[in-house]
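Notes follow once the structure below has been shown.
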Amino acid sequence: MTTSLPKVIRVAVPLPLREAFDYLPPPGMDAAAVPIGARVTVRVGRQRLVGLVCEAGVASRVDAARLRPAQACLDEVPLVDAYTLALIRFAADYYHHPIGEVVMNALPGLLREGVGVDAAGIEVWRLAPAVDASHASVTRAARQRALLDYFTTLGADRAHGPEALAGFGDGWRAPLRQLMDKGLVLRERRPCLAASPGGDAWPTLNPAQAEAVAGIWPAEATPVFAAHLLEGVTGSGKTEVYLHLIERALAAGRQALVLVPEIGLTPQLLARFRSRFAVPIAALHSGLGDAERRCAWLTAAAGEAPIVIGTRSAVFTPLPRLGLIVVDEEHDGSFKQQENLRYHARDLAIWRARAQGACVVLGSATPSLETLHHARAGRYGHHRLRRRAGMAKPPALRLLDIRHKRLDAGLSGPMLAAVGERIKAGEQVLLFLNRRGYAPVLICQGCGWLARCPRCDVPMTYHAQARRLRCHHCEYETPLPAACPECKQVDPVPLGQGTERLESILAARFPEVGILRIDRDTTRRRGALAERLEAVHSGDYPLLIGTQMLTKGHHFPSVTLVGVIDADQGLYSVDYRAHERLAQLLVQVAGRAGREEQPGEVLIQTCQPEHPLLITLLRDGYPAAAEVILGERKATGMPPYSHLALLRAEAPGESVPDDFLNAVAGALSPLAGGEVDLLGPVPAPMPRRAGRYRAQLLLRAATRAPLHRLLREGLPRIDALPEARRVRWSLDVDPVDLY
DNA sequence: AGCACGCCGACT
DNA sequence: GTCGGCGTGCTC
């Protein structure tokens with residue numbers, strides 16, 4: 001008598017477990033009949049979870065006695081296609097992350113929770129027929145009135161989804177409900193995704209653009225895997241190249257995926273796509289409601305949305321007919337997820353394109369060094385757009401030596417004079433300072449005491465308007481101390497510059513001039529950033545002050561002068577990527593200026609005017625600066641000339657992370673085989689944060705294979721260390737910063 | 001991650 | 001005498 005091994009389904013469950021679990025098929029089903037890529041509900045311990053079927057009809061790896069049947073199969077057909085499942089598997093493998101948690105990243109919330117896929121559509125609202133235009137029943141409620149005016153202006157023929165109404169601020173649902181109760185507005189359901197109007201004219205490409213398009217996707221071609229770098233200075237018309245490439249992909253019957261940075265997915269960009277292509281376009285971004293997200297995702301997965309535009313996580317969207325992936329601003333840090341599964345969407349996009357036989361285009365004015373390195377080695381096609389479309393001159397960059405100069409709130413005489421001139425000429429000025437608050441330090445002049453965060457050991461930032469000290473690394477804040485707690489001398493003084501101080505100094509200096517400050521403090525409220533960006537174009541604010549926030553994507557056509565208050569932070573930093581980031585930042589911030597007939601000027605204050613990086617960047621531009629930085633990386637053996645993985649650990653006890661990482665180093669070094677360097681453990685750049693001590697261990701190897709072999713063999717040993725349960729630890733493969 | 005089991009301090 | 005602290009181990 002033979003007992004055949006039970007055939008099971010292998011299910012990725014949303015738990016931090018390295019392996020998928022085996023289950024007997026749901027009642028009444030044959031294991032081999034359960035669709036791979038379908039969701040099932042299973043019991044794990046005593047909890048009920050939704051998991052994803054990775055394999056079906058396979059022999060179990062565990063004792064038959066331990067097997068439980070899955071409860072139910074939620075999808076008749078695979079929710080996740082084979083390509084996407086392969087991507088999920090690869091990501092779990094490459095980032096050494098539990099597969100169930102990778103699945104969590106790949107699925108929209110509702111589907112993750114087991115909601116059905118029957119496309120119920122999304123809510124839309126329209127004006128009821130024959131509504132009295134005087135709105136007699138809405139007299140005093142301003143928000144209802146604003147909504148009703150909007151509905152009336154656009155007429156009863158048009159229905160409006162949550163996306164359109166979100167422009168009315170956070171609480172638009174309450175006044176809308178009032179309007180529905182009064183019978184003025186009707187609710188209905190719209191099937192998932194309607195086609196965009198399209199219809200806009202297609203401008204003729206300039207020669208460089210045409211050459212790039214032809215080089216990346218020749219007319220009438222069917223796609224095969226290829227990666228391309230599209231290096232185009234700000235304003236050179238990269239988006240137009242993308243649009244033409246997408247047109248070719250659609251003509252070949254393929255889908256296009258466009259990945260953009262978090263702040264890059266603006267209504268303007270979407271409008272541009274929608275006015276070009278008369279097809280359904282699925283937009284996946286953080287502002288979507290759960291139902292909308294599920295809807296857009298399902299439409300894409302069904303192959304019914306030929307174009308999908310989204311941020312980082314959109315790289316996981318199933319696209320059965322994928323032919324083209326565009327990664328716009330590929331150097332942008334938001335493509336790297338910095339928690340849980342620490343994946344890089346650009347890198348996964350390239351893997352995915354290869355696996356699915358698609359073409360991938362990485363676009364940037366300031367490509368990452370990794371991408372440049374691949375392009376130089378001939379692994380990626382390299383296409384350049386050197387000229388700004390329709391504009392004569394790129395902005396002129398100039399260094400201002402501020403050594404031994406009298407500074408007024410960090411502003412040198414020449415900077416102030418230049419600002420004054422531009423304002424007098426009726427032009428707009430943007431001052432960039434990557435530090436919010438009034439001053440980064442508050443110090444006692446009597447004894448040198450300075451206010452530190454008790455949980456992070458770093459100086460607290462003084463916020464003048466709030467009259468409080470805030471830690472920028474945790475939630476801690478206190479009222480402004482009237483006197484030094486050590487020596488009792490009154491009025492500790494602010495030291496250094498923040499955007500708030502810059503604003504107050506400039507307000508005193510240019511009392512008649514409108515100043516607009518854009519940083520996290522002035523844009524905390526939902527919609528406030530959009531309002532302020534709108535205000536930039538109103539002409540009421542000749543002076544703009546901003547942090548990092550302002551350097552990305554937004555176009556300020558009437559800005560003719562950009563002032564960089566402090567370029568030196570990026571020169572002194574210990575992080576190996578600081579120079580790359582500084583070069584990208586300076587070029588990107590310069591790109592905000594002089595987009596029209598007026599040529600722009602960029603003034604950069606520095607104490608290191610002879611620094612080779614700055615000299616090269618100003619004289620020869622970003623590509624030359626990138627060469628310099630690549631040389632530094634080669635000399636120090638850092639990426640792209642090596643491969644890194646970073647183990648981070650934190651715990652409330654001071655020596656606990658270090659003890660853990662020492663144990664890790666002990667467990668890993670016999671496996672390292674001379675091919676992987678174990679650097680550390682060392683304290684993290686911020687050794688204490690939010691009351692927890694932090695340390696890290698860096699793994700470095702010349703090639704990927706031994707590094708990943710070490711991780712594959714070593715992680716189970718780390719899991720087994722007794723020290724491991726006393727710390728919170730995480731692994732970051734290809735870390736982009738060592739914080 | 002949950003959730004149980006398990007062995008040591010302050011409470012009805 | 002119990003309630004509950006969180007260390008340890010398991011979940012197909």
Side-chain angles (χ1 to χ4, degrees), chain A residues 3-75 85 88-89 91-92 95-107 109 111-114 337-343 647-657 659-660 663-664 667 691-693 715-732:
Chain A
T3 52
S4 58
L5 283 164
K7 290 280 191 279
V8 295
I9 56 176
R10 201 149 282 158
V11 181
V13 288
L15 294 176
L17 301 164
R18 303 213 170 270
E19 301 287 325
F21 275 3
D22 290 347
Y23 283 88
L24 296 169
M29 274 184 100
D30 190 81
V34 179
I36 293 169
R39 295 166 300 162
V40 288
T41 47
V42 294
R43 300 203 46 167
V44 184
R46 56 197 51 211
Q47 41 184 339
R48 189 179 269 101
L49 297 172
V50 176
L52 194 74
V53 178
C54 299
E55 293 175 72
V58 292
S60 175
R61 288 176 306 193
V62 300
D63 275 358
R66 290 173 67 195
L67 289 172
R68 298 163 94 174
Q71 294 192 302
C73 182
L74 301 179
D75 301 301
L85 192 57
I88 289 169
R89 277 214 185 89
Y95 294 106
H96 301 271
H97 201 80
I99 188 161
E101 295 196 340
V102 181
V103 171
M104 291 299 96
N105 277 275
L107 295 184
L111 297 176
R112 195 151 76 205
E113 287 154 25
Q337 178 150 299
Q338 296 288 26
E339 53 189 44
N340 307 318
L341 171 65
R342 304 174 97 95
Y343 67 100
L647 262 158
R648 295 183 174 85
E650 59 171 63
E654 183 160 13
S655 65
V656 180
D659 294 342
F660 164 68
V664 169
R692 305 175 68 88
Y693 292 89
L715 286 174
R717 301 192 187 189
I718 296 176
D719 285 327
L721 290 172
E723 290 90 341
R725 50 188 84 255
R726 287 189 262 282
V727 298
R728 278 216 297 248
W729 67 275
S730 66
L731 174 68
D732 193 345

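Proteins come first, then strands; the chains are lettered A, B, ... in the order of their sequence lines, and each starts at number 1.
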What side-chain donor-acceptor pairs closer than 3.5 Å can you find for residues 34-43 of chain A, not counting sequence neighbours?
unit_1	atom_1	unit_2	atom_2	d
Arg39(A)	NE	Asp75(A)	OD2	2.9
Arg39(A)	NH1	Leu111(A)	O	2.6
Arg39(A)	NH1	Val115(A)	O	3.0
Arg39(A)	NH2	Asp75(A)	OD1	2.9
Arg39(A)	NH2	Val115(A)	O	3.0
Thr41(A)	OG1	Ala72(A)	N	3.3
Arg43(A)	NH2	Arg46(A)	O	3.3

Could I get the full list of salt bridge (Lys or Arg N to Asp or Glu O under 4.0 Å) partners for Glu113(A), not counting sequence neighbours?
none
CD1 of Ile99(A) versus C1' of dA1(B): gap in Å, rounded?
17 Å
Suppose we screen for side-chain hydrogen bond (donor to acceptor under 3.5 Å, both in side chains). Which residues come up paired with Arg342(A), at least two apart in sequence or across chains?
Asp732(A)
Got a sec? Which of residues 36-46 of chain A come in under 4.0 Å of DNA chain C, heavy atoms?
Arg43(A), Val44(A), Gly45(A)
Take the angle between the ring planes of Tyr343(A) and Tyr95(A) and call it parallel below 30°, perpendicular above 60°, tilted in between.
perpendicular
Rounding to 0.5 Å, atoms CD1 (Ile88(A)) and CD (Glu101(A)) come to a distance of 13.0 Å
Any non-hydrogen side-chain atom of Leu52(A) less than 4.5 Å from a side-chain atom of Leu85(A)?
yes
Only pairs at least two apart or in different chains count here, so list each side-chain hydrogen bond (donor to acceptor under 3.5 Å, both in side chains) that has a residue in residues 719-728 of chain A.
Arg18(A)-Asp719(A), Glu650(A)-Arg728(A)
Please check if atom CZ in Arg717(A) has more than 12 non-hydrogen atoms from other residues, nucleotides or ligands closer than 6.0 Å.
no
Report the residues that fulfil ring-ring contact (aromatic ring centres under 6.0 Å, His included) with Phe21(A), sequence neighbours left out, ordered by chain and then residue number.
none
Between Arg68(A) (side chain) and Gly45(A) (backbone), is there a donor-acceptor pair under 3.5 Å?
yes
For Glu19(A), all residues meeting salt bridge (Lys or Arg N to Asp or Glu O under 4.0 Å), sequence neighbours excluded
Arg61(A)
Flag the pair Gln337(A) / Asn105(A) as yes when at least one side-chain heavy-atom distance between them is below 4.5 Å, and no otherwise.
yes
Is Arg10(A) touching bases, backbone alone, or none of the nucleic acid, heavy atoms closer than 4.0 Å?
nothing
Nucleic acid contacts of residues 12-27 of chain A, taken as heavy-atom distances under 4.0 Å to DNA chain C:
Leu17(A), Phe21(A), Asp22(A), Tyr23(A)
Those residues at least two apart in sequence (or on a different chain) that pass side-chain hydrogen bond (donor to acceptor under 3.5 Å, both in side chains) with Gln47(A) are none
May I ask you to list the residues of residues 715-725 of chain A, by number, that have any heavy atom positioned under 4.0 Å from an atom of DNA chain C?
Arg725(A)
Within residues 53-70 of chain A, those residues having any heavy atom closer than 4.0 Å to DNA chain C are Val62(A), Arg66(A), Leu67(A), Arg68(A)
Could you list where the contact with chain A starts and ends along DNA chain C, reading 5' to 3', using a 4.0 Å heavy-atom cut-off?
dT8(C) to dC12(C)
So does Glu654(A) have more than 12 non-hydrogen atoms from other groups sitting under 6.0 Å from CD?
no
Donor-acceptor contact below 3.5 Å, side chain Asp30(A) vs main chain Ala32(A):
yes
